[in-house]
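This one's a predicted model, so the numbers in the text were calculated from it and none came from an experiment.
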Amino acid sequence: MSIDAHCHLDLHANPKAVMEAAIAAKMQVVAVTTTPAAYHVSSTFTDIEHGIIPALGMHPEVVGSRTQDIRLFSKYLDRVSWVGEVGLDGSRRFRHFWEAQVEVFERVLQECSDAGGRILSVHSRLATKKVFELLKKYPHAGTPVLHWFSGHPSEVADGIALGAYFSVNQQMMQSDAGKAIIRQIPRGRILTESDAPFAKPNGAIDLAGQIGGAERQLAEIFECRLDEIQLVVHENFRKLTPKAAISV
Ligand code: MN
């Protein structure tokens, strides 16, 4: 039973084939989306009863071109336990619409707060400080899961203090910086993710293979057995996700 807490199922060339393989491998997959419109499409083919959980997203990188889509966010929020991909991106390419990103992310956090909280798959590239500041400002928005965290290892503790989990992928563990981050994360706050189709260490789209690779690397970093890591990640996911949205 493996966990993929952040996968762009809808951006694969053949989402259904990828999904069917994941179901056959008995995985739990959080199918993140980049806009509420994309969520609507994803929700028509994902199979929540078999562990493929569609998440409602508004990705910071597309906020510049799809700002209006945020209006649809509240329309679908009642249907989901997971929200994502949301957050902020401070890199040069997306900084020119930073203010719009902040405005949209605050709206997401406010709406999640009003709705009683959600699990949030959060993007924070070159934006850790502002993301943490806003998560602190909206403490009832839900539980953040920091996806592919790339801040300073010393900032992991600040994320932990905010109640955050961290979803980590194989690509992260190929760099010393990524490993240094992972060493700071308590086992009770770790989840695995593929970020497929974007992180493809072997060029292949095989969610079970990617998550298996991440689990093996985690076992090495934490110097424990593979089945211990699998158990802890599974338990973390169960703690986080309401029963209604989980098939295990
Ligand atoms: Mn992503």
Please report the interatomic distance OG1(Thr192) to CG(Asp4), rounded to the nearest 0.5 Å.
7.0 Å
Show every side-chain hydrogen bond (donor to acceptor under 3.5 Å, both in side chains) that has at least one partner inside residues 216-225, sequence neighbours left out.
Arg225-Asp227
Passes side chain to side chain contact (heavy atoms under 4.5 Å, CB included), Ile53 versus Thr46? Steps please.
CA-CA 7 Å; Ile53 304 165; Thr46 43; over 6 Å; no
To the nearest 0.5 Å, what is the distance between OG1 (Thr241) and CD (Gln28)?
8.0 Å
Identify, with sequence neighbours excluded, every residue that meets ring pair (Phe, Tyr, Trp, His ring centres under 6.0 Å) alongside Phe105.
none
For the student: nearest non-hydrogen atoms of Cys7 and Ser194, plus distance:
CB-OG, 3.7 Å
Those residues at least two apart in sequence (or on a different chain) that pass salt bridge (charged side-chain N to carboxylate O under 4.0 Å, His left out) with Arg79 are none
Could you tell me whether Glu111 and Arg107 make a salt bridge, using a distance below 4.0 angstrom between a side-chain N and a carboxylate O?
yes
side-chain contact (heavy atoms from CB on, under 4.5 Å) partners of Pro186, counting only residues at least two apart
Ile160, Arg189
Excluding sequence neighbours, so at least two apart, what forms side chain to side chain donor-acceptor pair (under 3.5 Å) with His152?
Ser154
Assess the residue pair Leu88 and Phe94 against the criterion (side chain to side chain contact (heavy atoms under 4.5 Å, CB included)); give the C-alpha distance rounded to whole Å, side-chain angles, the decisive distance to 0.1 Å, and a yes or no.
CA-CA 9 Å; Leu88 298 174; Phe94 310 110; over 6 Å; no
State whether the side chain of Asn169 and the backbone N or O of Ala196 hold a donor-acceptor pair below 3.5 Å, judged by distance alone.
no
Provide the full list of ring-ring contact (aromatic ring centres under 6.0 Å, His included) pairs with a residue in residues 6-34, sequence neighbours left out, each pair given once.
His6-His8, His6-His147, His8-Phe198
When hydrophobic residues are tied together by side-chain contacts of less than 4.5 Å, even through go-betweens, does Leu126 share a cluster with Val122?
no
Can you pull out every ring-ring contact (aromatic ring centres under 6.0 Å, His included) where at least one residue sits in residues 116-146? Sequence neighbours excluded, please.
His59-His123
Considering non-hydrogen atoms only, spot the tightest contact between Ser150 and Ile181 and give its length.
CA-CD1, 3.8 Å
Across all chains, not counting sequence neighbours, the ring pair (Phe, Tyr, Trp, His ring centres under 6.0 Å) partners of Tyr76 are Tyr39, His40
Taking the side chain as C-beta and beyond, is there a heavy-atom pair between Ile182 and Phe166 under 4.5 Å?
no
Closest contact, heavy atoms only, Gln101 versus Val63
N-CG1, 3.9 Å
Between Val131 and Phe97, is there shared hydrophobic-cluster membership here, with clusters defined by ILVMFWY side-chain heavy atoms closer than 4.5 Å?
yes
Got a sec, which residues hit ring pair (Phe, Tyr, Trp, His ring centres under 6.0 Å) with Tyr165, two or more places apart in sequence or on another chain?
none
Identified side chain to side chain donor-acceptor pair (under 3.5 Å) partner of Glu215 from the options Gln230, Gln210, Gln170:
Gln230
Ignoring hydrogens, what is the shortest heavy-atom contact between Trp82 and Ala5? Give both atom names and the distance.
CZ3-O, 4.0 Å
Value for CG (Leu135) from CG (Leu109), rounded to nearest 0.5 Å, stands at 6.0 Å
Residue pairs meeting salt bridge (Lys or Arg N to Asp or Glu O under 4.0 Å), one or both in residues 132-152, sequence neighbours left out, come to Glu106-Lys137, Lys130-Glu133
Ala17: partners by side-chain contact (heavy atoms from CB on, under 4.5 Å), with sequence neighbours left out:
Asn14
Can you tell me how far the CG atom of Leu191 sits from the CG atom of Leu240, to the nearest 0.5 Å?
6.0 Å
Side chain proximity check, Val41 to Asp10, heavy atoms < 4.5 angstrom
no
In terms of hydrophobic clustering (I, L, V, M, F, W, Y; side-chain heavy atoms under 4.5 Å; direct or indirect links), are Val86 and Val102 co-clustered?
yes
Expected output: side-chain Asp89 to main-chain Pro60 donor-acceptor under 3.5 Å:
no
Non-hydrogen atoms of Ala55 and Val30 that approach each other most closely:
CB-CG1, 3.9 Å
For Arg118 and Leu77: C-alpha separation, side-chain torsions, deciding distance, then whether side chain to side chain contact (heavy atoms under 4.5 Å, CB included) applies.
CA-CA 9 Å; Arg118 294 292 184 270; Leu77 189 56; 3.9 Å; yes
Roughly how far, to the nearest 0.5 Å, is the CG atom of Leu146 from the CG atom of Leu162?
8.0 Å
Same apolar cluster (I L V M F W Y, side chains within < 4.5 Å links), Ile52/Phe45:
yes
Rounded to the nearest 0.5 Å, what's the gap from OG on Ser167 to CD1 on Ile185? Could you check?
9.0 Å
Report the C-alpha distance between Glu155 and Gln184 in whole Å, list the side-chain angles of each, state the deciding distance to 0.1 Å, and finish with yes or no for side chain to side chain contact (heavy atoms under 4.5 Å, CB included).
CA-CA 9 Å; Glu155 291 172 312; Gln184 301 302 316; over 6 Å; no
Donor-acceptor contact present, side-chain Ser91 to main-chain Arg93, <3.5 Å:
no
Show every salt bridge (Lys or Arg N to Asp or Glu O under 4.0 Å) that has at least one partner inside residues 53-71, sequence neighbours left out.
Glu61-Arg125, Arg66-Asp69
Which pair of non-hydrogen atoms, one from Gly151 and one from Thr128, has the smallest distance, and what is that distance?
CA-OG1, 3.7 Å
